[in-house]
Amino acid sequence: RLHESCLPADSPAIATDLATLARTLCILGEHEAARPLAERALRIDEAAYGPDDPYVSFDLIALANVHVDLGDHAAAAPLISRALRIREERYAPDHLYIGYVLLFHARVLHALHDPPATDLARRGAQILQTRLGRTDRTTEEPFALVERLSRRVDPGIVGRAAAASG
């Protein structure tokens, strides 16, 4: 509220405060209360920086996390796709920001029974391994995710997806 009392309502500093408060509310389990704050932070940063700015990609991921915490993976998926597109346009192909978003996207798509989740997870894991090194402990979980997703692909889902696209 302090920033809101002395800054314009559309100030990026307000957006930062809102995003921080939304993350805090999520940690406390108050996901419904976090959603409007994350949405407002996104609107402010889109207006301030433009819809394709890397700052906006962070707001998109934050809002997607709120939706995932609420169990609404379908609402999260397009937000993550947009964030990934923004980051792929702005960062090197093996940038950690891209790797992390690919892994998040893979988890969400898997929850929606979308077979390409495995490929996204594999690409994200490879980016983390390339950037952090083979021995970095944080690369273990992404490769474990790839393994889990590879084992869980339901042949019926793959068949339905192929039939729908053909």
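Scope of the values below: all heavy atoms of this structure, side chains included, with no hydrogens, waters or symmetry mates. The chain is numbered in sequence order, starting from 1.
Using a 4.5 Å heavy-atom cutoff, the side chains of I44 and S11 are not in contact. Residues F104 and L84 form no side-chain contact, since every pair of their non-hydrogen atoms from C-beta on lies 4.5 Å or further apart. A heavy-atom distance below 4.5 Å is not found between the side chains of L79 and R82. Looking at heavy atoms from C-beta onward, R35 lies in side-chain contact with H67 at the 4.5 angstrom threshold. Using a 4.5 Å cut-off on side-chain heavy atoms (C-beta onward), P93 and I98 make no contact. Looking only at side-chain heavy atoms (C-beta outward), V101 and I61 come within less than 4.5 Å of each other. No side-chain heavy atom of L21 sits less than 4.5 Å from a side-chain heavy atom of D17.
When the salt bridge (charged side-chain N to carboxylate O under 4.0 Å, His left out) test is applied to D72, no partner is found at least two apart in sequence or on another chain. Under the ring-ring contact (aromatic ring centres under 6.0 Å, His included) criterion, Y100 pairs with no residue at all, not counting sequence neighbours.
Heavy atoms of other residues, nucleotides or ligands lying less than 6.0 angstrom from OH of Y55 number 12 at most. At most 12 non-hydrogen atoms from other residues, nucleotides or ligands lie less than 6.0 angstrom from OH of Y97.
For the pair L60 and A83, the tightest heavy-atom approach, listed with the atom from each and the gap, is CD1-N, 3.8 Å. P51 and V56 get closest at one heavy-atom pair: O-CG1, 3.7 Å. Of all the heavy atoms in A77 and L112, the pair that sits closest is CB-CD1, 4.0 Å. The two residues P36 and A33 make their nearest non-hydrogen contact at CD-O, 3.4 Å. Residues V66 and H31 share a closest heavy-atom pair of CG1-O, 3.6 Å. The minimum heavy-atom distance linking A64 with A76 is given by the pair O-CB, 3.6 Å.
With rounding to the nearest 0.5 Å, the separation of OH in Y91 from CD1 in I127 is 13.5 Å. With values rounded to the nearest 0.5 angstrom, E140 atom CD is found 11.0 Å from Q129 atom CD. To the nearest 0.5 Å, atoms CG (L128) and CG (D94) are separated by 10.5 Å. Remark: R151 CZ to T118 OG1 distance equals 11.0 Å, nearest 0.5 Å. Within the model, atoms CG of L149 and CG of D114 stand 11.0 Å from one another, a figure rounded to the nearest 0.5 Å. Atom-to-atom distance recorded for E39:CD and L18:CG is 11.5 Å, nearest 0.5 angstrom.
Hydrophobic clustering (side-chain heavy atoms under 4.5 Å, transitive across Ile, Leu, Val, Met, Phe, Trp, Tyr) keeps L25 apart from L63. Both L103 and L96 are assigned to one and the same hydrophobic cluster, defined by single-linkage of ILVMFWY side chains at heavy-atom distances under 4.5 Å.
Using a 4.0 Å cut-off between charged nitrogen and carboxylate oxygen, R85 and D52 count as a salt-bridge pair.
Listed for the T139 side chain is no donor-acceptor partner under 3.5 Å among the backbone atoms of T135. No donor-acceptor pair closer than 3.5 Å links the side chain of R40 to the backbone N or O of I14.
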Report task. Show your reasoning for whether side chain to side chain contact (heavy atoms under 4.5 Å, CB included) applies to V68 and H73. Result -> CA-CA 5 Å; V68 167; H73 293 84; 3.8 Å; yes

